[in-house]
Amino acid sequence: MSAPTVAGDLRASVRGYLESAAPEAEVRRIAETPSGSDPAVWARLADLGLTGLGVPEDFGGAGAGFAELGVVLEELGRSLLPAPFFSTAVLGVQALLLSGDAAAQAEYLPQVAEGRLRVAVGTVGASTVAAVPGSRGWLLDGLADGVLDGATADLVLVFAAADDGPALFAVPADAAGLSRTPLRTLDLTRRQARVELHATPAVLVGSAGDGGRVAAALLDRALAALAAEQVGGAQRVLEMAVEYARTRYQFGRSIGSFQAVKHRCADMLIDVERARVAADAALAAVDTSAADLPVAARVAGTFCGEAYFAAAASNIQVHGGIGFTWEHPAHLYYRRAKSSQLLFGSPGEHREELMRQLGH
Amino acid sequence: MSAPTVAGDLRASVRGYLESAAPEAEVRRIAETPSGSDPAVWARLADLGLTGLGVPEDFGGAGAGFAELGVVLEELGRSLLPAPFFSTAVLGVQALLLSGDAAAQAEYLPQVAEGRLRVAVGTVGASTVAAVPGSRGWLLDGLADGVLDGATADLVLVFAAADDGPALFAVPADAAGLSRTPLRTLDLTRRQARVELHATPAVLVGSAGDGGRVAAALLDRALAALAAEQVGGAQRVLEMAVEYARTRYQFGRSIGSFQAVKHRCADMLIDVERARVAADAALAAVDTSAADLPVAARVAGTFCGEAYFAAAASNIQVHGGIGFTWEHPAHLYYRRAKSSQLLFGSPGEHREELMRQLGH
Amino acid sequence: MVQPSADESLDGFRARVRAWFAENVQLTGGVKDESFDAVDVARRFQAALFDARLAGLTWPAEYGGQGLTTAHQLAFNEAAEPYVVPTMPLLIGLGMCAPTLLEKGTQEQREEHLARMLRGDEVWCQLFSEPGAGSDVAGLRTRAVRDGDDWVVTGQKVWTSGAHYSDYGLLLARTNPDVPKHLGLTMFVVDMRAPGVTIRPLRQITGGSGFNEVFFDDVHVPGDAVVGEVDRGWQAAVTTLMNERVSIGAGGGGLGRRLGGGEFAALADLARRRGGLADPVLRQSLASVFVEERLLELLSSRIREDVRAGRTPGPQGSVAKLAGAQLARHAAEVGLEVLGSGGAAWESDDADAERWTQALLGAPGNAIAGGTPEIMKNILGERVLGLPREPAVDRDVPFRELRVGGGRS
Amino acid sequence: MVQPSADESLDGFRARVRAWFAENVQLTGGVKDESFDAVDVARRFQAALFDARLAGLTWPAEYGGQGLTTAHQLAFNEAAEPYVVPTMPLLIGLGMCAPTLLEKGTQEQREEHLARMLRGDEVWCQLFSEPGAGSDVAGLRTRAVRDGDDWVVTGQKVWTSGAHYSDYGLLLARTNPDVPKHLGLTMFVVDMRAPGVTIRPLRQITGGSGFNEVFFDDVHVPGDAVVGEVDRGWQAAVTTLMNERVSIGAGGGGLGRRLGGGEFAALADLARRRGGLADPVLRQSLASVFVEERLLELLSSRIREDVRAGRTPGPQGSVAKLAGAQLARHAAEVGLEVLGSGGAAWESDDADAERWTQALLGAPGNAIAGGTPEIMKNILGERVLGLPREPAVDRDVPFRELRVGGGRS
């Protein structure tokens, strides 16, 4: 079986599932529930083998690489289905894999693959947690802000500063002194939480002092994964705009026959095509452990974020008044696009880091 | 006579002169002469009272303010007539006025008004000149780069660092140790020179130590004046693009009926209208000695520079292939627009200075 | 209260307006939204203005106006400029519907409504736009069918400001689908409380509801409610739309203050408090916002000068609309840039995040409401620059055969 | 030299191409402009290729081709990729004119010209565009009038690459002005050295002259020079234009190297030498150039993969054209930003200022040549996204009554 076929099959099966099980009304329903997610959906994603897609086969997963993860993320980006895929199946799994901690992997990854464990990761930038050794293990104090799906996860992984440097820790949802506050979010289809820790017992994952390396590598992977999701969303709003422009008639003509609208759609296409090659290159750089992954990840991070937001705004513009109503899905993508742009650093920060990575 | 009428009369007379005496062929002819200017043109501008427009009546000028100077600059910006108006009648006259040096004013300004003296000013940013007191007056050493019309001026004013701080000095064209190298220029219709001084005798203009104030005030005025010129050029390229779009037929339609071209022209208009109010506000701020002149000057400096360049590039775009030929005047404006953007600091530098002026 | 005298000079008039505002300052100001309270404030203000013989300055005296000159109107505008004039909810009626009745309405319509509108007793809305007729208003599909002397109206309008507090509406409906689109429209006065009229607020992506959908379900409209002639409604609608921006009665103030609402100052303050004011890249963005805002202020002050001087404003109005929308979007994006990840998620008491995310969500609507950028640029290109219109494909086609509206996504 | 055998496998063929390039490397590379020297280099290279039976791989053997499969062409492209293939001056002939003759030409035309083109003995140019017919090629006005069996051509062509070194040209001229514009055109083979043909280089704003104007002043063209049928020239021209980007014969290499020519590296170096690499604002601009350049590399590598795999490239070609023009402009502007006032005036030995001001001056032409952004976006909108065309106003009008060209400024 050749790679395109695997990817094609995966795409068809994920899209088929999402189109039948998660139409817009269902996405809105789940987004409006108190927790912002639906355990039944997660169970179904597990049945489809998606929660464990990136989990090595030894731990009950499919052992797929970022090429395949990217396919799923792209489809989820199209659908906006609120589910903790990005937090658990990307950030959580990758953090555990990068930590090199075989025990933690053996404990958690099979549960992720089975859909029994949702994992949230406090990314290092937004975290001010300190770890001290206590009498019966480590104790954490501090807060991690903007943790994706942080309020509903069964396990929270946080980076904390210890004497030997930063390290990754695992905190179960029922740990003492752990409090999680759901935040208001611009993006209505992905929740975030503030995670506070007060003398909270935690388990070291990986080696003490190794958290900096894990966090940096995790950030590269997060950017590559997010880029795939952004491409999916951008492609979807492009299709939405084109479909509307084709079928909306004003002045006796399809509005898509007017150059102002046609060229706006063409500009969206130009951005989407470029975002796609950027995302694909970043995903491939993860899979091939390419030395320039940090560069490829930031090229994707800056471009895909800006392209998606521009496309989401253009989509509203093409729709005119109707695009500005709550009932129309255009704003769900506009919100997701801007929110995504801010998740792991802004486009400006990515550009500055890019210059550093390029040795300038 | 009300102010609008004065300005209107002045505009009509200047435009009338330029349209009859300086059509494109004449502009190109003068630009291609070795010196890049034509003494007969300068004499004619003097006859029209333009060289002394900003010279006080006591010194034989018209005593006009920046509102009137702006009108002439706008018309010269339309025409691109190569003449040392900006260097002499704006920078030179204003530097002398700002210096407060009555003797220098009495010596030089009447000659400017009569068209017998062309003045160039080394703006402080591009100058590294040091002044030391010699046995028979001051001696200057160093160089001033990018001096507008520096090679053809009869008198060069330079800012130089002396013991008491920066000061303004006058150097006649025949001074010992003065060498002037014409530079290659992006703008084919305005020359620049590198001015080098080697133990060159010079006359202090104004007070020692007062050069910083003069230079800062001169820069504000230069930006206001340049903005007016930029508005004139931007307006001209807009008219050129519209005229072409109206009369050029492709696919059986005037190309201006296509939204891509129509909206491009509308975008140019939006920029020109905003550039106009920005320039007018800066000119008025000079005339009313407004406290926020430095702000108004930089708003104009950044916006008018960018608007003109965008409009000049759009004009080429509207013209298609013909706009990209040497024979078509579009590139003369494109060159002037980019060059002007770089003369007294870049748009980015103006924005940073704006923040400082605003107290941030 | 200062009373008008028969031989009042323009200066005397101006002084009287000033005095009235000074005496009645409690009636003005402070009202910024279109809630029902705002309508009540507007009604009270307008009634007082009417009683002081300062409403409808240039309107004919027979319809409750003052029959004064444009010079008086300009003097009023000048005197009113320092005040926030709380008549926003009445402006569609006074600024668009009333001039239409004056020009196209019957004598009975003028006598019945104009003075009452001028006193603030009647609030009006305008019912032109439809889901299928946005930029292309003349493509509307709401039908009015004869029923004896009456008409029966069926259809849907949208983007109707103030429908929920209006007493009457000026409705444009199709009365003949067998002729080209502009030729089969008729304008009616409709009672917004008539049976069959349903008003539904339209929720926007900001969560707010400034506009309404209005449904007409077999609404009976009397024959004498036709404004102008049957099937000549487009001419009446053009009158309405041409008056869209003309300021009548108590209007004129406030424009400059409404445009460019201090975004730069707010952003600089935000950057100071949340960090970032030292970041050279952010400083560039902030300075750009300052420049855009300053240019918008300068543009609107030029528009005000023109209006004050009785000149027809140049293209600055459309330019200001486009530049204002651009500024709103740009400022919101810079706001989010300052907030960073705090603009994606925040605690509920974070007023900064609320303000700037609302601004970001409001920005697209800002650009669309009152004319899309595409339509505004067509206007600039065609009416100001003299570029030719697109070839029209819908001029000579019976409306029945024309494809309108639609739009799937 | 490795010789082909009757039963050569694809692998064998590929090995033979590799060996040929390795042996003949002195014939390749290093030629970057379209001067006469470049033409000579191209002719020599092509002749050697022909002699090695490696020219015209998929062309029929009867016209000098090799009659091989597309797979052979792809194998050739792959093997040639490491080399700069110096055939640019021949590409219009081989890539556009020859396929047109193959498809639409007479047997005599094919026999007379194709093998000679394939050997590099004949260089061809394409004479479609006119001052009045730019984006709208079919609006051309050059007339060809019958004169007995011959035709007499009068008119002006423009933007003709390589006219000054070409032996023949494929001319599109109007033979019937009384029918709609697409229906009255005829294609001819013209001898570029025939009496009445005048070639004038067209000076561009960069100062360079890559294109020509070609004037036809009563040029006699024999009747057997008609390509296809009289008045059916548009169909022939479509064939030509469809082949514009197909790589024939020795083509295929070089695309990736031509796009994205190291602007970022040059700018970073410039910033380091002239100061500015520490400026955070400039660093943002530099990083943006890097991103654009990287994306362009990725796009063109995807195009190459498609070509290699025998797939029709997707929209990436048009996207790359637009993105390339945007990068060129952006990079030039950043270059001027780094140079500051040194980009407005410089001493004649300042290579930096020369390079980046030339880039700035070349940028607008870069965007226009080979299809304006407007036309490219129409193509993307219509052919890729499926949006409808504009209503055509010139389809059913006799050319004589159509307004074309013009343009005053």
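It should be emphasised that the depicted structure is a prediction, and the values quoted were computed from it without experimental measurement. Order of the sequence lines sets the chain letters (A, B, ...), proteins ahead of strands, with each chain counted from 1.
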Item to check | Atom CZ of Arg274(D): over 12 foreign heavy atoms under 6.0 Å | outcome: yes
Item to check | Thr181(B) portion near chain D, given a 4.5 angstrom heavy-atom threshold | outcome: side chain
Next on the checklist: So for Arg264(B), is it side chain, backbone, both, or neither that comes closer than 4.5 Å to the heavy atoms of chain D?
Outcome noted: side chain
Checklist entry - Within a radius of less than 6.0 Å around CG of Asp396(D), do more than 12 heavy atoms belonging to other residues, nucleotides or ligands occur? => result no
Next on the checklist: Is Leu360(D) in contact with chain B via its backbone, its side chain, both, or neither, using a 4.5 Å heavy-atom distance?
Outcome noted: both
Item to check | Heavy-atom contacts under 4.5 Å, residues 133-141 of chain D to chain B | outcome: Ala133(D), Gly134(D), Ser135(D), Asp136(D)
Checklist entry - Can you name the nearest heavy-atom pair linking Asp394(D) to Gly252(B), along with the distance? => result OD2-N, 3.7 Å
Item to check | Contact origin within Leu336(D) toward chain B - heavy atom pairs under 4.5 Å | outcome: both
Checklist entry - In terms of side-chain geometry, is the basic nitrogen of Glu347(D) or Arg194(B) positioned less than 4.0 Å from the acidic oxygen of its partner? => result yes
Checklist entry - What distance do Thr325(B) atom OG1 and Trp159(D) atom CH2 have between them, rounded to the nearest 0.5 Å? => result 6.0 Å
Checklist entry - Who pairs with Phe215(D) by ring-ring contact (aromatic ring centres under 6.0 Å, His included), at least two apart in sequence or on another chain? => result none
Checklist entry - By a 4.5 Å heavy-atom criterion (distance strictly below it), what part of Pro131(D) contacts chain B: side chain, backbone, both, or neither? => result backbone
Checklist entry - Is chain D contacted by the side chain of Phe251(B), its backbone, both, or neither, given a heavy-atom distance below 4.5 Å? => result both
Item to check | Thr372(D) OG1 to Gln250(B) CD distance, which is reported to the nearest 0.5 Å | outcome: 9.5 Å
Checklist entry - Atom CD in Gln259(B), atom CD in Glu390(D): separation rounded to 0.5 Å? => result 7.5 Å
Next on the checklist: Quick check for you: to the nearest 0.5 Å, what is the distance between Leu402(D) atom CG and Arg253(B) atom CZ?
Outcome noted: 12.5 Å
Checklist entry - Based on non-hydrogen pairs under 4.5 Å, which of Pro364(D), Gly405(D), Gly365(D) is most in contact with chain B? => result Gly405(D)
Checklist outcome for this item: Correct closest heavy-atom pair for Pro373(D) and Gln317(B) would be CD-NE2, 3.0 Å
Checklist outcome for this item: When the 4.5 angstrom heavy-atom criterion is applied to Arg395(D) and chain B, the contacting part is neither
Checklist entry - Is chain D contacted by the side chain of Ile322(B), its backbone, both, or neither, given a heavy-atom distance below 4.5 Å? => result backbone
Item to check | Residues, nucleotides or ligands: over 12 heavy atoms within 6.0 Å of Arg389(D) CZ | outcome: no
Next on the checklist: For a quick test of reading the model, state the closest non-hydrogen atom pair linking Gln192(B) to Ala344(D) and the distance between them.
Outcome noted: NE2-CB, 3.8 Å
Item to check | Contacting region of Lys181(D) [heavy-atom separation from chain B under 4.5 Å] | outcome: side chain
Next on the checklist: Measuring from atom OG of Ser341(D) to atom CG of Asp145(B), what distance do you get when rounded to the nearest 0.5 angstrom?
Outcome noted: 7.0 Å
Checklist outcome for this item: Honestly, the part of Arg335(B) sitting under 4.5 Å from a heavy atom of chain D is side chain
Checklist entry - What part of Glu354(D) lies closer than 4.5 angstrom to a heavy atom of chain B: side chain, backbone, both or neither? => result side chain
Checklist entry - In Å and rounded to the nearest 0.5 Å, what is the CD1 to CD distance from Ile205(D) to Glu327(B)? => result 11.5 Å
Next on the checklist: Under 4.5 Å from any heavy atom of chain B, what part of Leu361(D) do you find: side chain, backbone, both or neither?
Outcome noted: both
Next on the checklist: Using heavy-atom distances under 4.5 Å, tell me whether Phe309(B) contacts chain D through its side chain, its backbone, both, or neither.
Outcome noted: side chain
Checklist outcome for this item: Okay, Ile368(D) and chain B: the region with an atom under 4.5 Å from a heavy atom over there is side chain
Item to check | Worked check of side-chain contact (heavy atoms from CB on, under 4.5 Å) between Leu202(D) and Trp326(B) | outcome: CA-CA 8 Å; Leu202(D) 198 58; Trp326(B) 186 270; over 6 Å; no
